Q: 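Dropping the structure in here first, questions after.
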Amino acid sequence: MADVAFQRCINPACGAEFDRAQAIFKCPQCGDLLDAQYDWDRVPVPSKLADFGKRWATRDQRLDFSGVWRFRELLDFCPDEHKVSIGEGQTILQQNCAIAEQLGMKSDVLHLQYEGLNPSGSFKDNGMTAAFSHAMMVGATSCACASTGNTSASVALYAHSCGLKCTVFIGSGRIAFGKLSQAMDYGAQTIQIQGDFDDCMKQVQDVCTKLGLYLLNSLNPFRLEGQKTIMYRIIEALGWEVPDWIVVPGGNLGNSSAFGKAFLELKQLGLIDRVPRLAIINATGADTLTDLVNNKKLVWNGGNVDNKIIDGFYADLTARNFSPHTCASAIEISRPVNLKKCLRALDVCDGVVRAVTDEEICDAKALIGKYGLGCEPASAATIAGLKHLLAEGTIAKDERVACVLTGHALKDPNVTVNYHKDNQGEFSNPPIEAANDLHEIIKLIR
Ligand SMILES: *Cc1c(COP(=O)(O)O)cnc(C)c1O
Ligand SMILES: [Zn+2]
């Protein structure tokens, strides 16, 4: 390929390459996933990561202000004039001693990367700023996505800021109210399909193909380029040091895939000297990855993934009419579209996969709320998973861990209120009824 950036099929037996200006989202030749790739010799990447930090001084310029485009040489697929930004990526890495102590870790080793601070309240904005920049570059006028909630909120926000028409597909009754309220408020056409996320995902691909809409799910390789920057910001916040572990919830597996690609590239470019380990956490009610990796021994194998294992697994889900169920609606997915890229990430990062119950998720969420900045249920799967990994000795108590808190606490108030009000768990903090009487009220204050 003569171009500095291009797309390439991840299947080594195919390896077909496509222009970066094509909006295709799956290899037209073999149907596998596509990657954004670069001719790194021609990209002006700084010689050390710390050089990106100099852009804090010029944050009056919109691309230097963005927590995604500040690292733009590492996702160099689009000319600056097409780049879209609404101030995404102003997120923080919080060292959390209290939760570390609750989990029996050394007090200074646990960090929470709070992506709830993004404009639409979830990490998805990191990806959308990149995907919408690509959409502008290719001249798209209308777009669509399937969503468990946060993708629709983020797409709706970016679409109206870019002037694109936008349709979002959500599974009827499967979306948290904070997220649904955003999609409607930001003016997206919202279609509730009688089905789950996996049904929506299938429909949206066909709709996009038939009507020529720009697809914004994480099948879109340019979206994942933006999500790489979450890892750059963690490294930045640690004084340009790499942590020992990254812990992330696994749903459609876009984030974990993007993180693996980020570390693979940083290592190849000589910008880091070691790669952290990756822990991906499923909910037990939506644990395709856990089952395939831990029980069916599915591996990346240099890209030669054993498709028979995957096909057999999905055929069984279909035969049983299986639909995933978890209170962590953002990861309620049983056919993750980025499965193969995620296997690559596990390979690159010597990763592990675990599943946690809804009860564990809710307790972990309350712990994060009590001692941290709060988060939505899916995000709390990280701390619930970390507990398992500490207990089994996979993660040592003095290893430096960064958990990615993917979404804001206010996204899903129902789960939070029910947990506390109904005394569902260890950290429940129910409201107390009081008579409208000063004496009675004073007796209640503790
Ligand atoms: C989308 C989402 C996830 C799942 O991320 P994947 O990249 O699909 O694995 C997890 N948490 C929240 C809050 C999300 O919005
Ligand atoms: Zn291919």
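Both ligands and their constituent atoms are indexed starting at 1 by order of listing. These figures come from a predicted structure and were not determined experimentally.
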Q: Just by distance, with hydrogens left out, do Q189 and K165 show a side-chain donor and acceptor under 3.5 Å apart?
A: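 No, no side-chain donor-acceptor contact under 3.5 Å.
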
Q: Give a yes-or-no answer on whether the side chains of S122 and T406 include a donor-acceptor pair shorter than 3.5 Å.
A: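 No, because no side-chain N or O of S122 sits under 3.5 Å from a partner of the opposite role on T406.
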
Q: For K370, I'd like to know if atom NZ has over 12 heavy atoms of other residues, nucleotides or ligands within 6.0 Å.
A: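 Check fails, neighbour count at 12 or below.
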
Q: Is a side-chain donor-acceptor pair under 3.5 Å present for N126 with E88?
A: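 Note: E88 and N126 side chains miss the donor-acceptor criterion.
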
Q: When you check the side-chain N and O atoms of Y419 and N429, is any donor under 3.5 Å from an acceptor?
A: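 Result is no, nothing qualifies.
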
Q: What do you reckon, does L253 have a nitrogen or oxygen under 3.5 Å from a nitrogen or oxygen of ligand 1?
A: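 So ligand 1 has an N or O lying under 3.5 Å from an N or O of L253.
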
Q: As an exercise, identify every atom of ligand 1 less than 4.0 angstrom from a heavy atom of N150.
A: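 Taking each heavy atom of N150 in turn, ligand 1 has 12 (C), 13 (C), 14 (C), 15 (O) under 4.0 Å.
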
Q: Would you kindly say whether Q113 and T91 are connected by a side-chain donor-acceptor distance under 3.5 Å?
A: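 Present: a donor and an acceptor within the cut-off.
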
Q: I'd like to check whether G251 has a polar contact with ligand 1, where a contact means an N/O of the residue lying under 3.5 Å from an N/O of the ligand.
A: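 Yes, since at least one N or O of G251 sits under 3.5 Å from an N or O of ligand 1.
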
Q: Among all protein non-hydrogen atoms, which one is nearest to atom 12 (C) of ligand 1, and what is the separation to 0.1 Å?
A: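 Answer, as residue, atom name and distance: T406 OG1, 3.2 Å.
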
Q: For ligand 1, which atoms, with element, lie under 4.0 Å from some heavy atom of G254?
A: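 Heavy-atom distances to G254 below 4.0 Å select 6 (P), 7 (O), 9 (O).
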
Q: Using a cut-off of 2.8 Å, find all protein N, O or S atoms closer to the Zn ion (ligand 2) than that distance.
A: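 Within the sphere that stays under 2.8 Å of the Zn ion (ligand 2), the protein atoms of type N, O or S are C9 SG, C14 SG, C27 SG, C30 SG.
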
Q: Do E115 and N118 pair up side chain to side chain, a donor and an acceptor below 3.5 Å, judged on atom types alone?
A: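 On atom types as modelled, these side chains qualify, holding a pair under 3.5 Å.
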
Q: Is G250 near ligand 1, meaning one of its heavy atoms is under 4.0 Å from it?
A: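 For ligand 1, residue contact (heavy atoms, under 4.0 Å) with G250 is present.
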
Q: Is there any N or O on S256 that sits under 3.5 Å from an N or O of ligand 1?
A: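 No, no N or O pair falls under 3.5 Å.
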
Q: Testing the 3.5 Å rule here: is there a donor-acceptor pair between the side chains of D311 and N307?
A: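 The answer is no; no qualifying pair exists.
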
Q: More than 12 heavy atoms of other residues, nucleotides or ligands under 6.0 Å from CD of Q194: is that the case?
A: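 Count not over threshold, so no.
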
Q: Just to confirm my output: which protein heavy-atom neighbour is closest to atom 7 (O) of ligand 1, and how far is it?
A: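 For this ligand atom, the closest protein heavy atom is N255 N, 2.8 Å.
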
Q: For ligand 1 and N252, I'd like to know whether there is a polar contact (N/O to N/O, distance under 3.5 Å).
A: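 Looking only at distances, the answer is yes, because the N/O contact criterion of under 3.5 Å is met.
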
Q: So W240 and I272, do their side chains get closer than 4.5 Å, heavy atoms only?
A: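 Side chain of I272 against side chain of W240, heavy atoms only: no contact under 4.5 Å found.
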
Q: N/O to N/O below 3.5 Å, does that happen between K124 and ligand 1?
A: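 Yes - when backbone and side-chain N and O of K124 are compared with those of ligand 1, one distance drops under 3.5 Å.
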
Q: Hey, is ligand 1 close enough to S122 that some N/O pair sits below 3.5 Å?
A: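 No.
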
Q: Please identify which of these residues, V109, L238, L110, meets the side chain to side chain contact (heavy atoms under 4.5 Å, CB included) condition with P243.
A: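 Of the listed residues V109, L238, L110, the side chain to side chain contact (heavy atoms under 4.5 Å, CB included) partner of P243 is L238.
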
Q: Do any nitrogen or oxygen atoms of K179 lie less than 3.5 angstrom from nitrogen or oxygen atoms of ligand 1?
A: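 It does not: no N or O of K179 is found under 3.5 Å from an N or O of ligand 1.
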
Q: Check the side chains of E225 and H134 for a donor-acceptor pair under 3.5 angstrom, ignoring hydrogens and angles.
A: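 Short answer, no.
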
Q: Any atoms of ligand 1 less than 4.0 Å from a non-hydrogen atom of G407? List them with their elements.
A: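 The atoms of ligand 1 under 4.0 Å from a heavy atom of G407 are 13 (C).
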
Q: Would you say F123 and ligand 1 have an N/O pair spaced under 3.5 Å apart?
A: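 For ligand 1, there is no N or O atom that lies under 3.5 Å from one belonging to F123.
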
Q: Counting only heavy atoms closer than 4.0 Å, does ligand 1 sit against the backbone of I331, its side chain, both, or neither?
A: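 Just the side chain.
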
Q: Would you mind telling me which of W69, F52, F71 makes a ring-ring contact (aromatic ring centres under 6.0 Å, His included) with Y232?
A: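 Among the candidates, only F71 passes.
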
Q: For E376, which part has a heavy atom under 4.0 Å from ligand 1: side chain, backbone, both, or neither?
A: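 Answer for E376: side chain.
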
